[in-house]
Amino acid sequence: MALSYHEALRLVEAEAQRRARTLQLNMEKLPLNLSLNRVTGCEMRSPISTPQYDTSAMDGYAVDSGATRDASPDNPILFHVEGLVAAGDEPFQLFNTASQSCSCVEIMTGGRFPTAVEPDVVRLDCCVKFEDTKKVPGPYTGDEYIEITKPARYRQNRRSAGEDFQRHHVIMPAGTIIRPHHIMALASVGITEIPVLPKLRVGLYSTGAELLASHGNQPVSGRVQDANGPYIAATLADSGVDVEFLGILDDDVEMMMHTLRSNLEKKDCDLIISTGAVSTGRFDLIPSALQRLGAHIVFHKIGIRPGHPVMFATIPNISPERSDEIPFFGLPGNPVASAACLRFLVMHYLKCLQSQLPETPLTARMSCPNDAKTARQFAHKKMYFGQGSIIVRREAKWR
Ligand SMILES: Nc1nc2c(c(=O)[nH]1)N[C@H]1C(S)=C(S)[C@@H](COP(=O)(O)OP(=O)(O)OC[C@H]3O[C@@H](n4cnc5c(N)ncnc54)[C@H](O)[C@@H]3O)O[C@H]1N2
Ligand code: MOO
């Protein structure tokens, strides 16, 4: 009986874990602006709390919300403007004033909330935005007053210190692919350099004399456009991997061996992927070519659909520069089978290699009985919520 999907995953993980340590040892530090799409080599924690102080979320006036409790258009409450705070200003301290009206401070978005130094001075807990206030002339020239005609909520428009990140909080776990939103978070806490894992290099082949190279070829009768090469290259590049498309291998075992060997000598790849030529047909020559290169076949053919003929192997070191074996995934040629194997085997291997957390599976109910017998099925499904659980409906078979 064919190896189960779970057994295959365990073998893939074991191989990845063997290599993960070497990757960790070769970690490098990069400036933040060069770290996009790289993978964090260690956990990133915030060195500060941010915002560092309570700040205003609006342009307006810092007031005591309690003083506005009875405000209405018929009962406007008058506030004396004691000062102005802009973002980045030193702390503004409010002193007791002899004014008959309430005190407030004009405050800009991002400005630090004023503090009261004396215990009996009123605390300005919230911000009323400009649009909800009206400037009014005061009894003395040069003095500024505003009126408020609506009660303000306690702490409205006030961002608390540490609301974004608290000191020592984890911003990103080890093994995270650095995306633009991570760069914003790291920059906001003043991190300028980030330890990253070395970029993984993947060599990619398509196979089959029927294939047309993907760039600039017009359709030719009987020939097939290479769909797998561009798809796999794009998917891997999107997850931060350096992919080199090494060409289309012809249906000839000698040629395959020769091309694989010469590229293995020249290229320093962390992984080789091929698509096609792994099933049982006359021209499915990847298994023979690998065997003749002295590869160790970890598995070939597993209990999944699509993707059943997939192969995983390690090829002995050929380049004098390297001492280790090179892992090899032989994905099936059917485009959807190759995409499923990329998603559910190769990506799992790469995640494990880069110490990334595995995906958390969701448990869902099928809207109609599953026709899977012994093989795990990857099917095109639509997912929706109903009756307290996630329900999936099969949309189409892969093929
Ligand atoms: N007697 C058996 N026949 C087949 C079996 C089997 O167990 N016994 N398995 C089937 C399954 S499952 C799959 S999946 C396919 C995969 O076979 P191969 O990996 O050997 O793929 P090829 O024969 O080379 O190609 C299959 C199909 O896909 C097209 N192809 C290949 N590469 C590309 C590409 N880069 N871009 C677009 N299309 C591609 C190719 O032209 C063929 O049409 O085998 C079944 N057979
Ligand atoms: O792996 Mo295949 O034909 O089940 O797509």
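What you are looking at is a predicted structure, and each value in this text was computed from that prediction instead of being measured. Numbers for residues simply follow the sequence, beginning at 1. Both counts, for ligands and for their atoms, begin at 1 and track the order of listing.
Transitive grouping of hydrophobic side chains (ILVMFWY, heavy atoms separated by less than 4.5 Å) keeps Ile194 and Ile177 in distinct clusters. By the criterion of side-chain heavy atoms lying less than 4.5 angstrom apart, applied directly or through intervening Ile, Leu, Val, Met, Phe, Trp or Tyr residues, Leu271 is grouped together with Leu353 in one hydrophobic cluster.
None of Phe79, Phe130, Tyr145 except one satisfies the ring pair (Phe, Tyr, Trp, His ring centres under 6.0 Å) rule with Tyr61; the exception is Phe130.
Near Gly307, meaning under 4.0 Å from any of its heavy atoms, are these atoms of ligand 2: 1 (O), 2 (Mo), 4 (O), 5 (O). Listed by atom number, the atoms of ligand 2 under 4.0 Å from His308 heavy atoms are 1 (O). Listed by number with element, the atoms of ligand 2 under 4.0 angstrom from any heavy atom of Asn334 are 3 (O), 5 (O). Applying the 4.0 Å criterion to heavy atoms of Asp226 picks out, from ligand 1, the atoms 34 (C), 35 (N), 36 (N). Atoms of ligand 1 lying under 4.0 Å from at least one heavy atom of Glu210, given by number and element, are 40 (C), 41 (O). Atoms of ligand 2 lying under 4.0 Å from at least one heavy atom of Ala337, given by number and element, are 1 (O), 5 (O). Of all atoms in ligand 1, listed by their number and element, those nearer than 4.0 Å to a heavy atom of Thr280 are 1 (N), 2 (C), 3 (N), 6 (C), 8 (N). Near Thr275, meaning under 4.0 Å from one of its heavy atoms, ligand 1 places the atoms 35 (N). The ligand atoms of ligand 1 that sit less than 4.0 angstrom from a heavy atom of Ala277 are 18 (P), 19 (O), 20 (O), 21 (O), 22 (P), 24 (O). Each of the atoms 1 (O), 4 (O), 5 (O) of ligand 2 lies under 4.0 Å from some heavy atom of Pro306. The Gly276 neighbourhood of ligand 1 comprises atoms 19 (O), 21 (O), 24 (O), with distances under 4.0 Å to a heavy atom of that residue. Taking every heavy atom of Arg305 and a limit of under 4.0 angstrom, the matching atoms of ligand 2 come to 4 (O).
Side-chain contact between Ile183 and Ser35: present, with at least one pair of heavy atoms (C-beta onward) separated by less than 4.5 Å. Residues Val39 and Gln356 meet the side-chain proximity criterion, which asks for heavy atoms closer than 4.5 Å.
Contact annotation: Pro309 has at least one heavy atom less than 4.0 Å from an atom of ligand 2. At least one heavy atom of Gln225 sits closer than 4.0 Å to an atom of ligand 1.
Residue Ile77 holds its CD1 atom at 10.0 Å from CZ of Arg69, rounded to the nearest 0.5 Å. The structure places CD of Gln225 at 5.0 Å from CG of Leu212, a figure rounded to the nearest 0.5 Å.
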Return all side-chain donor-acceptor pairs below 3.5 angstrom for residues 282-292, not counting sequence neighbours, or 'none' if the list is empty.
{"unit_1": "Asp284", "atom_1": "OD2", "unit_2": "Thr280", "atom_2": "N", "d": "3.2"}
{"unit_1": "Asp284", "atom_1": "OD2", "unit_2": "Gly281", "atom_2": "N", "d": "2.7"}
{"unit_1": "Arg292", "atom_1": "NH2", "unit_2": "Glu254", "atom_2": "OE2", "d": "2.4"}

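Backbone and side-chain nitrogen or oxygen atoms of Pro332 are examined, and none is located within less than 3.5 angstrom of a nitrogen or oxygen of ligand 2. In terms of polar-atom proximity, defined here as any N/O pair under 3.5 Å, Val278 does make such a contact with ligand 1.
Residue Pro335 touches ligand 1 through its side chain alone, judged by heavy-atom distances below 4.0 Å. With a 4.0 Å cut-off on non-hydrogen atoms, Ser279 touches ligand 1 through its backbone as well as its side chain. Using a 4.0 Å cut-off between heavy atoms, Arg305 contacts ligand 1 through its side chain alone, with no backbone atom that close. Residue Val224 touches ligand 1 through its side chain alone, judged by heavy-atom distances below 4.0 Å. Residue Asn228 touches ligand 1 through backbone and side chain together, judged by heavy-atom distances below 4.0 Å. Counting heavy atoms closer than 4.0 Å to ligand 1, residue Asp284 contributes side-chain atoms (C-beta onward) but none from N, CA, C or O. Residue contacts with ligand 1 for Pro309 involve side-chain atoms from C-beta outward but no N, CA, C or O (heavy atoms, distance under 4.0 Å).
A distance-only check finds no donor-acceptor pair linking the side chain of Thr149 to the backbone of Pro76 [under 3.5 Å]. Between the side chain of Thr50 and the backbone N or O of Val189 there is no donor-acceptor pair closer than 3.5 Å.
Taking the ring axis of Tyr5 as reference, the NZ or CZ atom of Arg376 does not stay both within 45° of it and closer than 6.0 Å to the ring centre. Cation-pi geometry between Arg112 and Phe92 is not met: the NZ or CZ atom fails to fall both under 6.0 Å from the ring centre and inside 45° of the normal.
For Tyr205 and Phe245, the gap between ring centers reaches or exceeds 6.0 Å.
Looking at Cys341, Gly333, Ser274 and measuring to atom 31 (C) of ligand 1, the nearest heavy atom belongs to Gly333.
Pairing each heavy atom of Arg38 with each of Lys199, the nearest pair is NH2-N, 3.3 Å.
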